[in-house]
Amino acid sequence: MAAPAAVGAPGGRRQPVAPPVAARPRRVRSVDVAVVAGYLGLAVLLTSRQWGRPDRLFHQDNDQMLFEWMLARAARAVTAGENPLHSAALNAPDGVNLMANTSVLGLGVPLTPVTLLFGTQAAFLVAVVVSLAGTATAWYVLLARRLVGSRVAAAVGGLVCGFAPGMVAQAGAHLHMAAQFLAPPILALVFRPGTDRVRRNGVALGLLVAYQVFVGEELLVFLALTAGAFAVAYALADRAAARRLTPALLGRLGVGALVAGALLAYPLWFQFLGPGHYQGMPFHARGFQLDAASFTASARQTVLGDGYVPGLLSPNPTEENSFFGPGLLVLAVVVVVWLWRRPLVRALAAVGLLAALLSLGDTVRVDGASTGLPGPYRLLAGVPLLDLVVPARFALICVPVLGVLVALSLDRALALAPVGGGGVPAVPGAEGGAAALSGTGSGGGAAADRPGVPVRLLWGGAVAAALLPLAPTPIRTVPTWPVPAFVADGGWRAYVPAGRTLVPVPPVTGAGVSPATFWSARTGLAFTAPGGYFIGPSAAADPTARWGAPDRPTAALLRRAAETGEAPVVTDADRRQAVADLRHWRAAVLVQGGLHRGEAVRRTVDALVGPGREVDGAWVWDVRPLVG
């Protein structure tokens, strides 16, 4: 429930005035429902190019395959009682440490009914809708209850927080980064304005943090960094409030740490020391940085965007986290200057600027060219956990910062009284004492803001002009080869006895598209397969991270054929090695579906194990006689 309105009194004093009790519940309920319905409608629209299209995937198709598989695996863990932290369905015979990968159990478990009834593609799309609309709704609730008195201002702020270009870009591939709906309640508990109920709120904080780990650990790292930076900046802006609120804040954090630690002790042990654990990352995270010019550019999935300029200023289409356009940035500067007297605004400005600078990486680049200037990220390069995050994603912290600033400015503008109206502007209760997340701050000269209706209209127009160019367009999709009927309809079951595996061809083990992952996901993990798309150790004795399983010679041979389109010369040594690799995988049948440059791969498999035959839309090689 939002803070009651307050009316200015002579001498600058504000006295709370409660709204009519009888009318308030009905009015708030209808407005809130309309706002949330709008968020849901927009999220569905953004995913519209894939609903009912099993032949399409979002632009980063291998990542969608991975998350579809994770959703299917979560459903299997629920229905079959299997270990949710490890799976043997991929990477036979060793399996995959799911806790060390982005398993999104926090999404997959609740979505189990959707996955079982409608399949993994529908579950993935529902997860995207929930992530975008849920994030917007969570920020809307926090804004309306804690920071602003206007539902319009809260709705616009939530819209920015949930549907900024960076959020839409992440939603097309990275569920763990797009699902930010737990961030607002976590921050609300950390920076609770009251100093009472420390234990109860600490327990709630610990539960939310534990749940966030099973949605996305990287986002939790960003949350911790953001909360720390905000706390320091706010303490510098309002020392009296900091002294008053710090004991309760530390108490909540302490209780929360105990609760979360108890719940996460075993899962984190499994992640860092359990079977299939790894160290580091399989890619050079520091290379994923943003160009300084990207902050004023248009993202490709906006009404003004194109695919060329963003490709020069960001690592890839899923990391367009900073494309806010010049209008919103200028608007943010004006808001900060206008509302500078508020400690909340000063703290937000500091956090946003820090995050923007960190997203530039080790060396600052402008318009694709290196300036040679060192980036602040160098200071974090050796810090545990922070050295593993992608620098470009620090810009996602700027999204809620900008959303809150926009909401605060709209709330102030909408609270102004008309010129000559004979009254003092009505100011929401959040304007003063509850302005900050900690519940403290200064109103900052409301009595001087008497220009009235023209300012409301002008500021509303300025906000609209800044946000309309950022309006998102439906997430781009790309075609994908369908799961062959031989696999989808279960024809493989006649070839694969218990304890044996189906080997998709090629058994991709690198960072490329993996038919093993896709087929397994779309069939509900019906079979066991080697390879797959995941992060694991380089070898049993080498925990260095790599994409997929360590390469077997036969897998590497088939991958080269798929990548080059040329069938290699196969020797007797290659054939003996193929038999050894098939025995290692416990293979019963090799299956090749639709594949770019598939003819070269088929000829290579024929040369290794003998001619295959076409069955239900797939090439099939029964290798049971070879492996025994």
Side-chain angles (χ1 to χ4, degrees), residues 59-60 63 160-161 163-174 176-178 180 216 218-219 221-223 225-226 229 281 283-302 304-330 332-333 348-381 383 386-403 405 466 469-470 472 475-476:
H59 49 83
Q60 202 81 352
D63 285 330
V160 174
C161 294
F163 295 93
M167 292 293 294
V168 176
Q170 293 290 338
H174 303 144
H176 66 301
M177 296 305 301
Q180 298 186 18
E218 188 172 357
L219 181 60
V221 172
F222 284 126
L223 265 177
L225 178 66
T226 301
M281 295 296 286
F283 57 89
H284 190 51
R286 296 169 65 174
F288 287 77
Q289 65 185 79
L290 293 171
D291 192 298
S294 66
F295 282 86
T296 57
S298 296
R300 72 187 69 205
Q301 291 185 167
T302 58
L304 297 182
D306 63 73
Y308 179 71
V309 173
L312 301 176
L313 304 179
S314 64
N316 58 54
T318 65
E319 302 298 344
E320 293 176 13
N321 306 316
S322 57
F323 290 70
F324 301 114
L328 183 55
L329 295 184
V330 171
V333 172
L348 287 172
V351 170
L353 181 61
L354 175 63
L357 292 174
L358 289 174
S359 72
L360 301 180
D362 285 345
T363 304
V364 177
R365 300 176 63 85
V366 179
D367 282 332
S370 174
T371 63
L373 297 174
Y377 181 75
R378 292 190 181 191
L379 301 176
L380 303 180
V383 178
L386 292 180
D387 62 341
L388 300 178
V389 302
V390 175
R393 294 177 185 170
F394 279 104
L396 291 173
I397 297 173
C398 299
V399 172
V401 167
L402 292 171
L405 289 176
L470 304 181
I475 302 173
R476 185 174 64 94

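Closest non-hydrogen pair, F323 versus P165, comes out as O-CG, 3.3 Å. Nearest heavy-atom pair across V399 and C161 is CG1-O, 3.6 Å. Of all heavy-atom pairs between P469 and T302, the closest is O-CB, 3.7 Å. Heavy-atom minimum distance, G361 versus Q289: CA-CB, 3.8 Å. A pairwise comparison of heavy atoms in P310 and S298 identifies CG-O, 3.4 Å as the closest pair. Across all non-hydrogen atoms, the minimal contact from H176 to G216 is CB-CA, 4.0 Å.
Under the 4.5 Å side-chain criterion, counting only non-hydrogen atoms from C-beta, L312 is not in contact with D291. Side-chain contact between V333 and L329 is absent, with no heavy-atom pair separated by less than 4.5 Å. Contact annotation: the side chain of L380 never approaches that of V389 to less than 4.5 Å [non-hydrogen atoms, C-beta and beyond]. Side-chain contact check for L290 versus P391: every heavy-atom pair is 4.5 Å or farther apart.
Formation of a donor-acceptor pair under 3.5 Å by the T371 side chain with backbone atoms of V364 is found in this model. When atom types are taken as modelled, the side chain of Q301 and the backbone of R476 share a donor-acceptor pair closer than 3.5 angstrom. In terms of modelled atom types and a separation under 3.5 Å, the side chain of N321 and the main chain of A395 share no donor-acceptor contact.
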Go through the steps for R300 and V309 under the test side chain to side chain contact (heavy atoms under 4.5 Å, CB included), then give the verdict. CA-CA 8 Å; R300 72 187 69 205; V309 173; over 6 Å; no

So V168 and E320, side chain to side chain contact (heavy atoms under 4.5 Å, CB included) or not? Walk me through it. CA-CA 9 Å; V168 176; E320 293 176 13; over 6 Å; no

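Distance check: M177 CE to R393 CZ gives 5.5 Å after rounding to the nearest 0.5 Å. Remark: Q180 CD to L396 CG distance equals 6.0 Å, nearest 0.5 Å. Rounding to the nearest 0.5 Å places CG of L328 at 11.5 Å from OG1 of T296. L219 CG to H174 NE2: the interatomic distance, rounded to the nearest 0.5 Å, is 13.5 Å. In this structure, CG in L360 is found 10.5 Å from CG in L373, a value given to the nearest 0.5 Å. Atom CG of residue L348 and atom SG of residue C398 lie 11.0 Å apart, to the nearest 0.5 angstrom.
No hydrogens or angles considered: a donor-acceptor pair under 3.5 Å links the side chains of S322 and S294. E319 and Q170 are linked by a side-chain donor-acceptor pair at a separation below 3.5 angstrom, with hydrogens and angles left out of the test.
By the ring-ring contact (aromatic ring centres under 6.0 Å, His included) test, F222 is found to be paired with F394, residues two or more places apart in sequence or in another chain being considered.
Note on residues 353-376: pairs passing salt bridge (Lys or Arg N to Asp or Glu O under 4.0 Å), not counting sequence neighbours, are R286-D362.
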